[in-house]
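Working notes for the structure below.
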Amino acid sequence: MTSADKENSIDFIREIVERDIREGKHGGRVHTRFPPEPNGYLHIGHAKAFCIDFGIAEEYGGLYNLRFDDTNPVKEDVEYVESIMRDIKWLGFDWEDRLYYASDYFDKMYNYAEQLIEKGAAYICDLSADEVREYRGTLTEPGRNSPWRNRSVEDNLDLFRRMKACEFPDGTRTLRAKIDMASPNMNMRDPAIYRILKKSHHRTGNRWCIYPMYDYAHCLEDSIEGITHSCCSIEFEDHRPLYDWFLDQLDIFHPQQIEFARLNLTYTIMSKRKLAMLVENGLVSGWDDPRMPTLSGLRRRGYTPEAIRDFIGRIGVAKRDSTVDMALLEYCIRDNLNRKAPRFMAVLDPLKIIIENYPPGKCEELEFINNPEDESAGSRMVQFSRELYIERDDFQEEPHRKFKRLAPGREVRLRYAYLITCVDVVKDENGNVKELICTYDPETRGGSTPDGRKVKGTIHWVSSEHAVPAEVRLYDRLFTVEIPLASDNFIGTINDKSLKVLNHCRIEPSATDLVIGEPVQIERKGYFCKDPDSTEKRLIFNRTISLRDTWKKILKNQK
RNA sequence: UGGGGCGUCGUCAAAUGGUUAAGACACAGGGUUUUGGUCCCUGCAUUGGGGGUUCGAAUCCUCCCGCCCCAGCCA
């Protein structure tokens with residue numbers, strides 16, 4: 001999408017924001033927030049959310065906060081706080097000094113709760129969790145009032161203070177909002193506001209044994225921070241009446257909650273719980289396995305922040321359920337890397353060739369262009385010698401009728417080097433091709449043909465004595481079906497070929513100096529980056545994404 | 001079968017009652033090319049269904065159909 005297109009069509013949230021600015025709501029102020037619970041790693045679905053939250057604030061000259069919604073110490077940990085901050089920064093956002101925690105507001109929230117009690121809008125309920133469930137009714141039947149619903153304000157206040165003082169065991173009492181047990185909206189049937197949880201919190205330690213529930217806490221957090229537009233995902237739509245109810249009861253600053261559809265992507269899953277299952281069962285190597293849709297996984301895989309941001313911009317914002325084609329994400333990373341990744345030569349599956357008319361011991365330096373898309377990237381010199389490796393599948397003994405590369409008696413170009421002709425095929429005792437004997441045309445140095453003759457194929461190569469060994473990890477989509485969760489057994493749809501390790505690769509020597517994570521294009525093969533598992537002695541590369549492969553398509557369409 | 005939300009190309013997604021329903025990805029075909037990459041060109045939907053209002057409907061009304069969410073002391 002071009003910038004002109006973006007200007008012509010904005011999404012429904014930006015429409016709301018623009019209208020509010022125009023009408024002077026909140027004095028024209030825009031202030032958003034991204035409120036993750038620190039209970040796991042961020043994935044690309046979260047990236048959509050914070051790109052919306054933060055992007056809108058940036059675009060309209062507003063501010064954005066990062067706020068950890070840490071109201072449930074049972075599930076949360078500092079480990080996640082750190083990874084979440086790292087991932088958001090990686091995507092290029094800076095919340096400056098506006099880093100907040102819901103737990104910073106526990107005192108305020110407690111005081112607001114006493115206010116609710118005082119005005120008769122909340123009560124202490126002694127029902128057990130099971131009993132509450134029975135009293136709640138069902139989707140089609142109204143609930144019944146709790147027998148504790150009409151306690152006096154004094155009793156409620158006393159009990160609430162004693163809850164806070166840790167006088168009661170976990171689960172014995174809750175503070176509940178007094179709304180309407182017959183509401184067709186289940187969220188309004190006297191929802192819990194505080195529960196007793198004698199659990200140490202990663203920030204407040206043992207100071208609290210009662211913790212606020214999401215619905216109560218979240219609107220207060222937004223209100224306290226002066227958030228103007230509180231964007232969240234669509235499943236919270238029928239929590240909005242509750243969000244509004246608390247703020248109205250307390251008569252405090254009232255942000256607007258706006259809901260949008262979550263991101264789904266084909267060939268992967270976005271459920272935190274199910275991703276955790278993959279990690280726990282060793283189906284992937286960890287949260288940052290390059291096949292994971294987590295931001296740490298995408299980063300290790302070689303995805304760039306620009307590509308992910310571009311992707312988020314392209315998918316748009318709406319309310320309907322949707323599943324974006326993984327091919328769009330793949331397009332975005334190819335598009336970004338094509339423009340910025342320097343090119344390298346590497347042979348993934350080596351086949352030795354000997355240039356029989358090239359003098360033994362001779363070595364030439366040939367000029368290679370670093371990036372044809374970027375003249376400023378310049379060029380480099382690469383060594384050529386008598387013994388080379390080419391890609392095994394760039395040779396066919398009995399060539400397919402559309403095959404343009406090397407075959408017996410056929411001439412091809414070695415990229416930026418010489419035209420060569422295959423004159424003999426050497427096989428091992430099993431009849432497998434072991435090496436190729438070729439001749440070169442000395443007149444074609446650099447790959448040009450003074451006589452103007454054309455060759456159909458250009459293949460890549462490395463010099464056997466100069467190239468360095470490397471391990472290459474080829475990644476593919478994690479699942480074999482578009483919507484894994486549509487299957488009753490999504491584990492069964494895992495792609496067992498999603499990781500292929502190649503141990504005998506050879507790459508041109510300058511690749512040794514590459515920084516971990518820095519993207520390169522291996523010509524004709526794809527985009528790669530050095531994996532953190534690499535050591536000085538052992539080079540390991542991850543394939544981020546292959547190049548578009550029309551040859552593969554030709555073969556497929558024939559079948 | 002209570003309530004809420006949503007149905008426009010294979011996939012996302014514009015269109016705010018008014019010319020041939022944007023664009024992108026995907027797909028198909030062609031051109032250029034020292035990467036079967038990139039780039040360029042071409043093709044590719046009458047809007048879930050039926051009624052209605054209107055000179056005019058994807059947009060308004062109505063009935064029907066389908067999909068998603070809600071019965072945590074999770075978020």
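In the text below, chain A, chain B and the rest are named by the order of the sequence lines, each starting its count at 1. Quick caveat, the model's predicted, so the values are computed rather than measured.
If you check B:rC73, B:rC27, B:rG36 against the side chain of A:Lys553, the one that comes closest is B:rC27. Nearest nucleotide to the side chain of A:Ser9, out of B:rA22, B:rC12, B:rC73: B:rA22. Closest to the A:Met213 side chain, of the nucleotides B:rC70, B:rU35, B:rC74, is B:rC74.
With hydrogens and angles ignored, a donor-acceptor pair closer than 3.5 Å exists between the side chain of A:Gln521 and the base of B:rU35. In the interface, the side chain of A:Asn185 is not paired with the base of B:rG4 through any donor and acceptor atom under 3.5 Å apart.
Between A:Arg136 and the phosphate of B:rC73, there is a side-chain N or O to OP1/OP2 separation shorter than 4.0 Å. OP1 or OP2 of B:rA75 sits under 4.0 Å from a side-chain N or O of A:Thr71.
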Can you run through RNA chain B from 5' to 3' and write each base as (, ), [, ], | or . depending on how it pairs? Watson-Crick or G-U wobble, both distances under 3.5 Å. .((((((..(((.....[....))).(((((.......)))))....(((((..]....))))))))))).....

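The ring-ring contact (aromatic ring centres under 6.0 Å, His included) with A:Tyr194 is formed by just one residue from the set A:Tyr211, A:Phe160, A:Tyr214; it is A:Phe160. A:His201 pairs with exactly one of A:Tyr101, A:Phe106, A:Trp208 by the ring-ring contact (aromatic ring centres under 6.0 Å, His included) rule, that one being A:Phe106.
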Please list each protein N or O that sits under 3.5 Å from an N or O in nucleotides 38-40 of chain B, with the distance.
| from | atom 1 | to | atom 2 | distance (Å) |
| --- | --- | --- | --- | --- |
| B:rU38 | OP1 | A:Arg548 | NH1 | 3.3 |
| B:rU38 | OP2 | A:Arg548 | NH1 | 3.1 |
| B:rU38 | O2' | A:Asn338 | ND2 | 3.0 |
| B:rU38 | O2' | A:Glu373 | OE1 | 3.2 |
| B:rU38 | O2' | A:Glu373 | OE2 | 3.3 |

Please list, for nucleotides 5-8 of chain B, all pairs of protein and nucleotide N/O atoms separated by less than 3.5 Å.
| from | atom 1 | to | atom 2 | distance (Å) |
| --- | --- | --- | --- | --- |
| B:rG5 | O2' | A:Glu237 | OE1 | 3.4 |

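Look at CG on A:Leu139: it is 8 Å from C1' on B:rG3, rounded to the nearest Å. As a whole-Å value, the separation of A:Tyr80 OH from B:rA75 P is 16 Å. Note: CD (A:Glu141) to P (B:rG3) measures 15 Å, nearest angstrom. Here B:rA14 presents its C1' atom at 15 Å from CD1 of A:Ile315, a figure rounded to the nearest Å.
Taking the centre of each ring, A:Tyr100 and A:Phe68 stay at or above the 6.0 Å mark.
Rounded to whole Å, the C1' atom of B:rC9 lies 28 Å from the corresponding atom of B:rC61.
Applying the 90° criterion around 0 to the glycosidic angle, B:rG51 comes out anti.
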